[in-house]
Amino acid sequence: MKYLSIILFLIWIPISGIAKSFMGTTEEKDTLPVDIWRTKTISEVVVTGVTGLSLIKETPLPFTYISKGEIQSTSSTNIIDAIAHQPGLAQITTGSGISKPVIRGLGFNRVTVVNDGIRQEGQQWGDEHGIEIDGQGVSSVEILKGPASLMYGSDAMAGVIIFHNDPTLPQGKMEANVSTGYQTNNGQIDCSLNFAGNKQSIMWNLRYSKRMAHAYKNKYDGYVVNSQFHERALSGLLGTYRNWGKSQFIFSYYHLTPGIIEGEREANGELALPYEGYNVKTYSKALPFQQIYHYKAVSENTLYMGEGNMKLIVGYQQNHRQEHEESVDEADLDLKLHTINYDLRYTSPEKNHLKFAVGMNGMYQKSVNAGEEFLIPDYNLFDWGVFSTASWSYNRWTVSGGVRFDIRNLHGKALEERFIDFTKNFQGVTGSVGTTYCVSDKLHLRMNISRGFRGPNISELASNGVHEGSIRYELGNTNLSPEYSWQADAGLDFTSKMVSASLSLFANHIENYIFTQRLPGIITDGRNTYQYTSGNARLWGGEVSIEIHPIERLHFLNTFSYVDSRQLHQPEESRYLPFIPAPRWTSGLKFDIPTANLPFNNAYASIGLECYLKQSHYYKHDDTETETPSYSLVNLSLGTDISYHKKKIATLHIIANNIFDRAYQNHLSRLKYADVNPITGRQGVFDMGRNICMKLLIPIAL
């Protein structure tokens with residue numbers, strides 16, 4: 001209990017319309033993506049935290065809300081790719097099929113992903129391990145930027161990404177949806193079928209999705225060998241709501257088969273083929289490749305207690321991850337992770353301007369090795385946490401805060417002579433306190449200070465083997481201590497008829513920041529050897545956005561994101577943290593097209609610019625990272641609803657990314673460090689070139 005703090009709460013964020021629709025009281029409107037242009041109405045959005053509904057302008061922590069329309073109007077290869085261009089957010093990529101979220105320079109187990117009401121658990125420690133969520137079934141996304149351990153426990157140091165499924169339809173309605181899409185660069189084909197309804201207090205929602213792509217291409221590499229992938233997903237919901245409350249059961253199945261891009265070169269500089277006769281436009285798997293299966297079942301129950309409520313969520317997940325290197329039939333690395341999540345909380349009604357919530361949540365995990373290769377040992381993990389939060393509003397002030405206590409027990413098991421038996425216990429007190437002040441209807445100020453906590457994961461503590469994704473041999477360190485952070489946030493939001501602007505600044509100090517460091521001169525199994533260590537770190541930066549409406553139909557949006565991160569008391573070559581995104585400026589001009597007396601509605605056209613500045617602050621030690629030059633990408637998009645007899649029958653989107661076919665490497669691309677081309681001298685594999693995406697969405701009212 002030596003770590004003591006008093007600090008925040010408030011951070012969850014479903015929009016009001018979704019919240020009401022979920023209760024079956026309103027009908028969600030079908031709209032095109034106005035949220036991509038930060039309109040003045042954002043300050044009137046109602047958000048939902050553990051202490052009830054609040055206006056977004058009353059929340060002290062920065063967040064981003066992404067609507068379904070915005071997701072649908074974005075060209076992407078996975079759900080993280082679809083949201084990674086938001087201010088303060090980035091992605092660690094491995095080709096076009098795998099992306100990991102990064103919030104303000106922090107990723108991996110420092111970001112908690114929530115889906116179906118529980119935290120997603122699927123080997124987040126791995127560089128090449130993505131998020132096992134069907135992007136075509138996501139209705140909206142909330143991104144909390146800042147420590148959120150208060151609500152979600154250990155691992156939410158950087159923030160939380162919450163994926164919401166489709167809201168429940170109003171009573172008496174049934175609806176089907178069909179969507180399909182195609183991308184020219186990698187031949188990506190998408191399709192999704194959905195059927196939902198709400199009859200006699202019984203609600204249901206079924207969805208099947210499929211996505212597949214062949215190798216993508218760029219100007220320097222041509223087709224990137226083995227970058228094809230295949231994705232399938234099935235999900236369903238069945239529930240009921242009565243006077244006493246509501247209950248629902250959710251299940252999902254997700255299967256991804258991505259190729260493993262090795263980036264090896266022939267003498268002529270071309271990428272080496274995995275086998276003779278390999279077709280760069282094949283949709284089939286080719287060695288080496290991964291197989292990822294994710295199964296999930298969630299029971300969510302809410303009991304109304306006067307104007308308050310008690311909620312219980314219990315979930316089970318199984319993540320089965322395989323790496324096939326030599327045989328299509330037998331996996332070399334085979335990991336099975338079983339997770340049970342639980343969450344029990346009481347939310348009070350608001351009385352005398354005060355509302356509160358108390359609860360407990362956590363998880364139990366069991367991981368088993370079933371292959372012939374090993375990187376981490378078998379292990380059992382159990383953690384639980386209790387929390388209390390409160391929010392008080394009066395006149396122009398809103399003050400919110402809370403405190404949480406966590407305990408985590410991790411038992412690594414002996415395996416052959418590679419891993420020893422060990423047990424580690426971690427505990428921490430976290431919390432936060434923040435306030436917002438309404439200067440006027442147009443201007444709101446906010447400030448928050450929070451304490452984060454993260455226990456070391458199994459890879460950091462006990463890895464001992466070749467990490468094929470990182471092309472190195474990794475060693476864990478059982479002497480690692482938990483990470484703790486102090487973060488201060490400040491910001492403002494301004495809205496008027498012609499201008500909308502926001503500013504978010506942060507400063508973050510992390511104790512015992514965990515990272516890998518090369519052991520000089522040590523080669524294990526033919527690869528350089530790295531071991532996990534820790535030190536103190538400091539990060540600061542922020543995001544700014546401004547949207548101007550010179551006329552009603554014209555929107556001009558600019559955003560800028562910046563993170564500076566340093567390890568304290570380190571020499572020049574290891575001064576900066578790894579995986580820190582480059583400063584990014586985005587600019588867009590959107591025009592709402594008038595369509596009177598035409599079979600179109602909500603039509604728009606836009607042009608956008610993404611400018612990534614040079615990243616010269618990088619982890620230089622042993623050439624782990626290299627400097628990344630600046631580059632700019634130009635994108636175009638068109639969209640419209642198509643109507644027949646004043647009824648919408650379809651929505652069409654056409655998105656053209658990187659229209660000038662610029663060859664570039666994102667600083668967070670793992671493929672940036674593949675083999676050097678002996679002919680051109682360029683290192684690594686480049687990102688996707690020009691790509692045109694077409695999407696068609698057809699709603700069917702029943």
Side-chain angles (χ1 to χ4, degrees), residues 108-109 121-129 154 260 262 287-293 318-339 363-383 408-426 454-483 512 514-535 621-622 624 670:
F108 299 92
N109 282 78
E121 290 293 321
Q123 318 285 2
Q124 296 97 318
W125 48 266
D127 289 20
E128 74 286 13
H129 299 168
S154 178
I260 297 177
E262 296 183 312
L287 292 170
F289 63 90
Q290 292 189 66
Q291 292 267 35
I292 301 102
Y293 303 88
Q318 181 191 118
N319 185 273
H320 189 191
R321 185 175 300 274
Q322 299 176 315
E323 290 186 5
H324 295 255
E325 301 171 21
E326 305 296 336
S327 170
V328 174
D329 300 319
E330 295 185 8
D332 297 277
L333 182 69
D334 195 330
L335 294 170
K336 285 187 178 181
L337 177 65
H338 305 267
T339 303
M363 65 180 178
Y364 168 78
Q365 285 189 334
K366 178 180 179 180
S367 179
V368 179
N369 282 280
E372 298 180 353
E373 292 185 1
F374 309 103
L375 177 57
I376 60 172
D378 297 348
Y379 72 91
N380 293 335
L381 180 149
F382 177 77
D383 74 4
R408 170 170 288 189
N409 174 272
L410 193 152
H411 177 208
K413 301 179 180 180
L415 181 62
E416 298 183 348
E417 296 183 356
R418 184 183 296 266
F419 304 104
I420 62 172
D421 190 89
F422 73 94
T423 299
K424 303 291 290 186
N425 293 289
F426 306 107
R454 183 182 79 89
N457 62 48
I458 187 65
S459 177
E460 294 164 340
L461 290 168
S463 58
N464 188 0
V466 176
H467 197 312
E468 296 292 347
S470 302
I471 319 176
R472 62 190 185 189
Y473 197 97
E474 287 191 358
L475 293 173
N477 182 352
T478 55
N479 295 319
L480 293 174
S481 298
E483 293 180 346
N512 307 317
I514 299 171
F515 62 99
T516 55
Q517 190 172 54
R518 184 184 174 187
L519 302 179
I522 299 180
I523 304 296
T524 308
D525 288 354
R527 291 172 173 81
N528 293 325
T529 304
Y530 289 75
Q531 186 169 35
Y532 284 96
T533 186
S534 65
H621 183 75
D622 191 44
T624 301
R670 292 178 52 256

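Nothing here was measured: the structure is a model prediction, and the numbers come from that model.
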- Heavy-atom count around Lys413 NZ within 6.0 Å, excluding the residue itself: above 12? yes
Can you tell me how far apart [atom1] ([X]) and [atom2] ([Y]) are? Round to the nearest 0.5 Å.
X: Glu262; Y: Leu287; atom1: CD; atom2: CG; answer: 9.5 Å
X: Glu460; Y: Ile514; atom1: CD; atom2: CD1; answer: 4.0 Å
X: Asn425; Y: Arg408; atom1: CG; atom2: CZ; answer: 11.5 Å
X: Asn528; Y: Asp622; atom1: CG; atom2: CG; answer: 6.0 Å
X: His411; Y: Asp378; atom1: NE2; atom2: CG; answer: 10.5 Å
X: Asn109; Y: Asn457; atom1: CG; atom2: CG; answer: 4.5 Å

- Query: Hey, does the Lys NZ or Arg CZ of Arg418 hover above the aromatic six-ring of Phe374, less than 6.0 Å from the centre and inside 45° of the axis?
  - Reply: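 Geometry flag: not set, cation outside 6.0 Å or 45°.
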- Task: With side chain to side chain contact (heavy atoms under 4.5 Å, CB included) as the test, would you mind laying out the steps for Leu475 and Leu519 before giving the verdict?
- Result: CA-CA 10 Å; Leu475 293 173; Leu519 302 179; 4.1 Å; yes
- Item | Step-by-step side chain to side chain donor-acceptor pair (under 3.5 Å) determination, Asp334 to Gln322 | CA-CA 4 Å; Asp334 195 330; Gln322 299 176 315; 3.1 Å; yes
- Query: Taking C-beta and beyond as the side chain, do Leu375 and Ser459 meet within less than 4.5 Å on heavy atoms?
  - Reply: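 Side chain of Leu375 against side chain of Ser459, heavy atoms only: no contact under 4.5 Å found.
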- Task: Would you mind reporting whether Arg454 and Phe426 have side-chain heavy atoms less than 4.5 Å apart?
- Result: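 No, every pair of side-chain atoms sits at 4.5 Å or beyond.
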Minimum heavy-atom separation for [X] to [Y], with atom names?
X: Ser481; Y: Pro456; answer: O-CG, 3.7 Å
X: Ile376; Y: Gln123; answer: CD1-OE1, 4.4 Å
X: His324; Y: Ser327; answer: ND1-O, 3.0 Å
X: Ser463; Y: Tyr532; answer: OG-CE1, 3.7 Å

- Asp383/Tyr364 under side chain to side chain donor-acceptor pair (under 3.5 Å): CA gap, chis, key distance, verdict: CA-CA 7 Å; Asp383 74 4; Tyr364 168 78; over 6 Å; no
Side-chain donor or acceptor of [X] paired with backbone N/O of [Y] under 3.5 Å:
X: Asn409; Y: Phe382; result: no
X: Lys424; Y: Thr478; result: yes
X: Asn477; Y: Asn479; result: yes

- Item | Steps toward side chain to side chain contact (heavy atoms under 4.5 Å, CB included) verdict (Tyr379, Leu337) | CA-CA 9 Å; Tyr379 72 91; Leu337 177 65; 3.5 Å; yes
Partners of [X] by side chain to side chain contact (heavy atoms under 4.5 Å, CB included), sequence neighbours excluded?
X: Gln290; value: Ile98, Glu128, His129, Pro258, Ile260, Ile292, Arg321, Glu323
X: Thr533; value: Phe515, Gln517
X: Asp332; value: Glu325, Glu326, Glu373

- Query: Quick one: which of Asp525, Thr516, Thr524, Thr529 gives a side chain to side chain contact (heavy atoms under 4.5 Å, CB included) with Arg472?
  - Reply: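 Output: one option passes, namely Thr516.
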- Message: Under the criterion side chain to side chain contact (heavy atoms under 4.5 Å, CB included), I'd like the reasoning laid out for Leu461 against Leu480: C-alpha separation, chi angles, the key distance, then a yes or no.
- Response: CA-CA 7 Å; Leu461 290 168; Leu480 293 174; 4.3 Å; yes
